[in-house]
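A note on names: the letters A, B, ... follow the listed sequences, proteins ahead of strands, and every chain is numbered from 1.
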Number of protein chains: 2
Amino acid sequence: MPLPSPPSDLPLTRDSVQKAHALISSQIHRTPVITSKTLNLFASTPRSTPLEGIYNARSVTDEDAARPRIRLHFKCENLQRGGAFKIRGATHALKHLTPLQASKGVITHSSGNHAQALAIASSSHNPPIPCTVIMPSISTPSKIAATKGYGANVVFSGSTAPEREAKVLEEIEKTGATLVPPYDHPWILLGQGTVALELTEQVEKLDAIIAPCGGGGLLSGIATACSGTGIKVFGAEPRKDGANDCQRGLKRGKRVEEVKTLTIADGLRTPTGLVNYGIIEEKVEGVYSVTEWEILQATRLVLERLKVVVEPSAVVGLAVVLFDEGFRKRVEEEAGEGGWDIGIVFSGGNTTVEMLAGVFAREEEFKAQQEELLRDFE
Amino acid sequence: MPLPSPPSDLPLTRDSVQKAHALISSQIHRTPVITSKTLNLFASTPRSTPLEGIYNARSVTDEDAARPRIRLHFKCENLQRGGAFKIRGATHALKHLTPLQASKGVITHSSGNHAQALAIASSSHNPPIPCTVIMPSISTPSKIAATKGYGANVVFSGSTAPEREAKVLEEIEKTGATLVPPYDHPWILLGQGTVALELTEQVEKLDAIIAPCGGGGLLSGIATACSGTGIKVFGAEPRKDGANDCQRGLKRGKRVEEVKTLTIADGLRTPTGLVNYGIIEEKVEGVYSVTEWEILQATRLVLERLKVVVEPSAVVGLAVVLFDEGFRKRVEEEAGEGGWDIGIVFSGGNTTVEMLAGVFAREEEFKAQQEELLRDFE
């Protein structure tokens with residue numbers, strides 16, 4: 001069974017996000033917002049050369065470099081239940097099942113943060129809802145163990161998309177379970193948007209929010225939550241192998257439907273969903289993209305300076321703020337002397353020591369690519 | 001100049017720690033206390049075999065395994081200014097300089113967290129106090145840059161202890177600066193003890209606190225802060241190459257004065273200071289020690305589950321709670337059905353991605369040593 005559609009007249013507005021928040025707030029963490037004088041200083045310092053490392057001196061400055069004034073507010077969804085914002089949308093979707101649907105359970109085939117979120121949301125629903133997660137049989141044992149640990153029934157499939165989808169249909173046939181999609185659904189995006197409601201309550205005066213865009217559930221939810229508030233919403237994507245599908249779609253005026261990328265921001269490898277793309281097109285001020293090297297630099301800063309653990313996908317927004325001269329010029333021009341207070345959503349922190357060591361072992365490779373990219377620009 | 005001695009009748013009591021807190025509280029962060037149901041569950045689950053990995057199933061349980069009930073409260077000094085608790089003692093020491101002494105500046109030769117803490121404390125003192133840090137010329141450039149970044153005057157020396165001390169004396173001769181020691185001084189330990197004051201305010205009912213013991217400033221300060229409260233204080237050390245000098249000293253009834261160890265808990269390689277040892281001997285309930293493998297497992301749990309960045313030295317207390325059957329039996333016996341609420345001090349988070357990758361690359365080596373250790377016990 002597909003997840004039931006909302007009433008056709010459901011307004012995708014801040015008010016609806018507020019209703020979603022009232023439904024889910026007892027089952028999610030109100031995650032902390034942290035700040036850092038050091039990162040504010042970095043963000044507000046003109047960059048000398050695009051290749052300059054974050055820790056290097058910045059005394060020699062390009063005359064043309066943007067001079068934005070930026071104060072950052074990090075919303076730590078990496079400290080959310082299940083280690084990512086995904087619990088918000090999953091919990092919200094479950095609230096709209098009928099008792100009969102709930103009794104037959106839910107199912108998904110994500111192998112990432114959504115599956116764990118759905119497992120947690122299902123087991124903490126009252127009464128608990130049976131949850132099946134289809135996972136490729138080659139998944140890492142720790143991930144399988146974690147998903148089972150959250151109370152899900154794990155069913156194995158082949159690794160290709162068709163194999164996984166066939167297994168999902170087979171299970172639905174057997175049990176009548178409802179398929180809860182990872183991002184492209186109104187109930188999901190309204191749930192994800194609650195992160196922005198909290199952020200606007202936690203920070204006195206917010207000028208903008210920047211959030212990662214993979215399937216677009218988080219970004220479209222935030223844009224929905226902020227519509228009418230005057231807070232500008234921006235999206236951030238990895239650029240590698242065309243992973244910036246949303247940015248490219250907006251540029252050409254048509255959604256990009258397929259993406260094949262191996263960016264280290266592995267939560268952002270999917271194309272933006274149809275429903276979400278429409279909202280982003282209408283309500284988001286701009287989508288920016290960053291390189292692997294820039295993502296890595298931002299990850300290092302968060303780990304070593306803020307001392308919280310993030311997955312690389314979580315810091316693309318920070319990478320835009322630190323490295324994208326287009327975005328930085330925009331802040332300088334629109335904000336002027338007063339500068340901007342920018343909310344940055346750290347979307348998740350589900351990684352391992354080995355995964356982090358693996359991506360940082362590639363730092364020189366990414367730096368070389370960066371140099372190449374910059375040469376190509378000249 | 002050595003740091004002035006406190007009045008000879010200064011009582012090392014909770015009241016004096018409270019006075020220290022009043023002096024420094026505007027210059028330090030009140031760091032958060034975090035909890036984790038998952039880690040409570042791990043800590044409260046009997047261990048099946050001593051070599052069992054943290055993430056493995058625990059269905060087969062040794063009949064004799066301890067069955068403590070433990071609720072953990074993590075005091076995040078890794079999120080403190082300068083990334084460690086050291087700012088507390090350094091800030092407090094500066095409050096007791098005369099104006100003349102302050103005008104001549106302070107000096108230290110630590111290359112670790114204390115140097116950075118003293119630099120920060122000096123520059124945020126009102127008025128700022130000149131701060132000189134003697135560092136071996138072979139120190140990593142990032143560490144030198146960070147210390148300078150905090151406002152210190154960095155002077156280079158040779159790498160051996162005599163070379164560094166000679167350079168310190170030379171500088172003191174020139175400037176009349178006051179030497180602020182990293183741990184073995186009443187002003188320092190009273191400052192470090194303020195961490196326990198906050199912890200007892202932040203957690204409603206605390207039965208015990210466990211803290212790392214290197215030079216012993218933190219542990220003796222906490223024991224001083226808790227004296228008379230009924231809260232039991234425990235110390236934790238690495239065991240490698242006899243790094244458990246405090247534990248060994250207490251066992252034989254005489255302080256161990258020299259230690260040579262390369263434990264990954266590199267903040268805990270020093271022997272316990274003289275003043276601190278006396279307080280620990282009198283007021284601490286027990287000191288426990290853990291292996292490199294156990295420290296690594298605890299570090300992984302904190303990074304991957306709590307999602308905060310800690311240096312290996314910071315988690316020896318957690319490692320004791322998870323792995324030391326002697327400690328666990330003690331909790332079971334003394335706490336009974338009600339269990340214990342245990343405060344664990346995460347002492348610092350100053351590490352880099354490369355340092356973490358480096359220690360986790362040695363996991364198999366540490367595991368083999370662990371197996372050997374366990375064989376030797378049998």
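Of the two parts of B/I34, neither the backbone nor the side chain holds a non-hydrogen atom closer than 4.5 Å to a non-hydrogen atom of chain A.
Screening A/V353, A/L296, A/V359, A/L303 for a side-chain contact (heavy atoms from CB on, under 4.5 Å) involving B/V353 leaves a single residue, A/L303.
Counting heavy atoms from C-beta outward, A/V308 and B/V309 have side chains that stay 4.5 Å or more apart. Within the 4.5 Å cutoff, the side chain of B/K307 has no heavy atoms near those of the A/Q80 side chain. Annotation: side chain of B/E354 is in contact with side chain of A/R300 (closest heavy-atom distance under 4.5 Å).
Residue B/F360 holds its CZ atom at 10.0 Å from OG1 of A/T352, rounded to the nearest 0.5 Å.
Of the possible donor and acceptor atoms, none in the side chain of A/E304 sits under 3.5 Å from a partner among the backbone N and O of B/T351.
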